[in-house]
There are 2 protein chains.
Amino acid sequence: MDHIEIFKALSNKSRLQMLEWLKEPEINFPEQLASGFEHGVCVGQIQAKAGLTQSTVSEYLSILQRAGFIESTRVGQWTYYKRNEAAFTALSKIIESNL
Amino acid sequence: MDHIEIFKALSNKSRLQMLEWLKEPEINFPEQLASGFEHGVCVGQIQAKAGLTQSTVSEYLSILQRAGFIESTRVGQWTYYKRNEAAFTALSKIIESNL
DNA sequence: CAAATATATCGACTTTTCCCGATATACCAA
DNA sequence: TTGGTATATCGGGAAAAGTCGATATATTTG
């Protein structure tokens with residue numbers, strides 16, 4: 001993954017917010033408490049909170065995924081997204097020593 | 001400084017390259033060896049290496065400066081830019097623990 | 001299989017970014 | 001003070017990103 005695409009992915013308020021929300025699914029997505037957060041949060045929940053259209057949210061999540069910050073799991077008709085903490089650690093190190 | 005502006009500043013190949021060049025001025029800007037690198041490298045040297053117009057380079061440097069990654073010093077008719085390492089360390093920590 | 005639901009993709013329009021040339025400003029030297 | 005040199009700012013055209021509504025695809029359920 002190119003560094004530029006990584007920084008571009010982080011250059012948007014809504015996307016940054018999604019990443020933040022996914023840090024604490026239990027707190028930010030209580031509607032999904034019942035089904036649990038094993039694989040993260042499904043697109044619909046994120047959309048409801050983001051106040052953007054379904055298509056925009058879907059695209060933003062895929063941008064974040066391509067950049068490596070989140071991973072997706074399809075379960076039935078739902079796609080769940082959850083953070084990939086390793087990507088943040090890796091980026092942190094790149095900035096500290098390679099930028 | 002807003003996080004978004006920081007990431008936007010890093011979302012461009014030429015700007016990333018400038019930051020990299022400024023890590024080793026002695027190696028990347030030998031033409032300026034004579035006058036030293038006390039305050040960094042002057043705009044003209046960076047422009048010559050970047051292969052962009054003077055106006056573009058000037059703007060890019062000011063974007064990087066607003067984001068905190070470089071600092072400028074005016075000496076006579078020259079403006080010198082040098083890295084502000086603290087900004088990289090700070091960003092690294094933000095990504096590690098606040099993103 | 002048909003309808004319903006969740007998500008992804010497509011096409012279009014608006015806003016932002018990229019990058020340029022032209023011009024303005026600051027400083028130095030004769 | 002008159003050029004000459006270095007940098008900054010302004011205005012614009014092309015490309016990319018932001019965002020939407022409409023449509024397509026997947027999956028579940030009756």
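Here is the naming used below: chain letters follow the sequence lines, and residue numbers restart at 1 for every chain.
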Between Arg83(B) (side chain only) and Leu19(B) (backbone N and O only), is there a donor and an acceptor less than 3.5 Å apart? yes
Touch class at under 4.0 angstrom, heavy-atom based, for Thr79(B) against every strand present: sugar-phosphate
State whether a side-chain donor-acceptor pair under 3.5 Å links Thr56(B) with Thr53(B). yes
Counting the atoms with a prime plus P, OP1 and OP2 as sugar-phosphate, which does Tyr80(B) contact under 4.0 Å by heavy atoms, base, sugar-phosphate, or nothing? nothing
Under 4.0 Å protein heavy-atom contact, by nucleotide of nucleotides 18-30 of chain C - B base, S sugar-phosphate only: SBBBB----BS--
To the nearest angstrom, the CG-C1' distance between Leu64(B) and dT17(C) comes to 14 Å
Calculate, to the nearest 0.5 Å, the distance between atoms CZ and CD belonging to Arg15(A) and Glu59(A) respectively. 8.0 Å
Assess the side chains of Ser92(A) and Thr89(A): does a donor N or O sit below 3.5 Å from an acceptor N or O? no
Whole-Å distance, Ile70(A) CD1 to dT7(C) P, equals 13 Å
If you fit an axis to the five pairs at each end of the helix from dC1(C)-dG30(D) to dA30(C)-dT1(D), how big is the angle between those two axes, to 10 degrees? 20°
Walking DNA chain D from its 5' end, the first of Glu5(A) and Ser62(B) to be reached, judged by nearest nucleotide, is Ser62(B)
Which heavy atom in Ile46(B) sits nearest to a heavy atom in Trp21(B), and how many Å separate them? O-CZ3, 4.1 Å
Whole angstrom value for the distance that separates P of dT5(C) from CD of Gln47(A): 15 Å
Quick check against the 3.5 Å criterion: does Ser58(A) have a side-chain atom that pairs as donor or acceptor with the backbone of Gln54(A)? no
Could you state the atom-to-atom distance from CD1 of Ile46(A) to C1' of dT7(C) in whole Å? 12 Å
Show your reasoning for whether side-chain contact (heavy atoms from CB on, under 4.5 Å) applies to Lys82(A) and Phe37(A). CA-CA 9 Å; Lys82(A) 72 184 221 200; Phe37(A) 301 100; over 6 Å; no
Tell me whether the NZ or CZ atom of Arg74(A) lies within the 45° cone about the ring axis of Tyr80(A) and under 6.0 Å from its centre. no
